[in-house]
There are 2 protein chains.
Amino acid sequence: MDYYLENTKVFKALGDPKRAMIVDMLSCGELCACMILEKFEMSQSTLSHHMKILCECGIVKAREEGKWTYYTLDDDTISKTKQFFCAITSNKENCICKENSNCCKGCNENE
Amino acid sequence: MDYYLENTKVFKALGDPKRAMIVDMLSCGELCACMILEKFEMSQSTLSHHMKILCECGIVKAREEGKWTYYTLDDDTISKTKQFFCAITSNKENCICKENSNCCKGCNENE
DNA sequence: GCGCCAAATCGAAAAATGTCAATGTGAAAT
DNA sequence: ATTTCACATTGACATTTTTCGATTTGGCGC
């Protein structure tokens, strides 16, 4: 399903500790790439790659100004992702077990 | 940092659309492996592998009963992960830009 | 124009991941 | 005890991801 694929891209991006740290930094406000690079032991091309992944899933936006690129968090994607996380983890009523597929003991409980 | 590594494991697990779907299913209540397997086009060994990843990051708990294994979501891990997500995305005051590293235009704004 | 700087892109190598068929394990039924 | 069933583990393979050095691109200062 597209619904899952789209939303899990953000989780995939945040699944890397360094990218989560970058997001954490950006939560304080806009930063340029060079500033982020200073805080990590990684090559410039590697950071550029991580930033691309963060931008592609929508959680980070890039703004170019002269020779610099500034990054910020995207509030809209963040709230959508929060909502998705809540949606897939909060209790719902449409349990597939009600279909009684008879594959295990629990399937017949609600007869 | 361990703080990031620990929490991003959950995101990594949820970064796969099929695993996110499984979590969505489990939000309706406990399910046995066979029931989950019915809903996907994947081999039994592949499902077992996905369930292991979901269990290892803590978001899913396994309960064995006879020859069946029942899975449930772990509320504690879910709330911790929500908290982590909020922590790294909500505005904070300790911006590293205040250090004035002079690497770009924005670094000198607050002098 | 020329060279310098910030950042993106390319190409390649190493590591991790997703998937399956085959096999192992432990419980239940006969 | 033997078979069957649910699930885990293993080994193998293809794909994806991570990372780097080298190169390219585009802006800025001289």
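Letters A, B, ... mirror the listed sequences (proteins, then strands); counts begin at 1.
- Residue A:Tyr70 is classed as having no contact, given no heavy-atom separation below 4.0 Å to the nucleic acid.
- Using a cut-off of 4.0 Å between Lys/Arg side-chain N and Asp/Glu carboxylate O, A:Lys105 and B:Glu65 are scored as salt-bridged.
- Of the side-chain N and O atoms in A:Lys12, none sit less than 4.0 angstrom from OP1 or OP2 of D:dT16.
- When distances are taken from the side chain of B:Lys18 to each of C:dT19, D:dA8, C:dG18, the shortest belongs to C:dT19.
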Using a cutoff of under 3.5 Å, can you pull out all pairs of nitrogen or oxygen atoms linking the protein to nucleotides 20-22 of chain C, with atom names and distances?
unit_1	atom_1	unit_2	atom_2	d
C:dC20	OP2	B:Ser43	N	2.9
C:dC20	OP2	B:Ser43	OG	3.2
C:dC20	OP2	B:Thr46	OG1	2.6
C:dA21	N6	B:Ser45	OG	3.0

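- Between B:Glu65 atom CD and C:dA28 atom C1' there is a gap of 13 Å when expressed in whole angstrom units.
- Counting any heavy atom pair closer than 4.0 Å across all strands shown, B:Leu37 reaches no nucleic acid atom.
- Applying the side-chain hydrogen bond (donor to acceptor under 3.5 Å, both in side chains) test to A:Thr69 and every residue at least two apart in sequence or in another chain returns nothing.
- Remark: P of C:dA6 and CZ of A:Arg63 are 17 Å apart, rounded to the nearest angstrom.
- Rounded to an integer number of Å, the gap from NE2 of B:His50 to P of D:dT9 is 15 Å.
- Between the side chain of A:Thr46 and the main chain of A:Met42, no donor-acceptor pair closer than 3.5 Å is present.
- The distance between atom CE of A:Met51 and atom C1' of D:dT18, rounded to the nearest whole Å, is 16 Å.
- Atom C1' of nucleotide D:dA8 and atom CD1 of B:Ile53 are separated by 14 Å, given to the nearest angstrom.
- Test A:Tyr3, A:Tyr4, A:Phe11 against B:Pro17 for side chain to side chain contact (heavy atoms under 4.5 Å, CB included) and you get one pass: A:Tyr4.
- In this view, B:Ser79 satisfies the side-chain hydrogen bond (donor to acceptor under 3.5 Å, both in side chains) rule with no residue, not counting sequence neighbours.
- Here the C1' atom of nucleotide C:dA6 and the CD1 atom of A:Ile36 are 13 Å apart, to the nearest Å.
- Proximity of B:Leu31 to B:Tyr70: side-chain heavy atoms (C-beta onward) are nowhere separated by under 4.5 Å.
- Applying the side-chain hydrogen bond (donor to acceptor under 3.5 Å, both in side chains) criterion to A:Asp74, with sequence neighbours excluded, gives A:Thr77.
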Can you check nucleotides 2-6 of chain D for protein contacts, nitrogen or oxygen pairs under 3.5 Å, and list what you find?
unit_1	atom_1	unit_2	atom_2	d
D:dA6	O4'	B:Lys67	O	3.3
D:dA6	O3'	B:Lys67	O	3.2

Side-chain donor-acceptor contacts of residues 47-55 of chain A below 3.5 Å, not counting sequence neighbours, with atom names and distances?
unit_1	atom_1	unit_2	atom_2	d
A:His50	ND1	A:Arg19	NH1	3.0

Audit row: B:Ser27, A:Thr89, side chain to side chain contact (heavy atoms under 4.5 Å, CB included) steps and yes/no: CA-CA 5 Å; B:Ser27 69; A:Thr89 56; 5.6 Å; no
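- The interatomic distance linking B:Leu54 (CG) with C:dT17 (C1') rounds to 14 Å, in whole Å.
- Atom pair A:Lys105:NZ and C:dA29:C1' shows a separation of 15 Å (rounding to whole Å applied).
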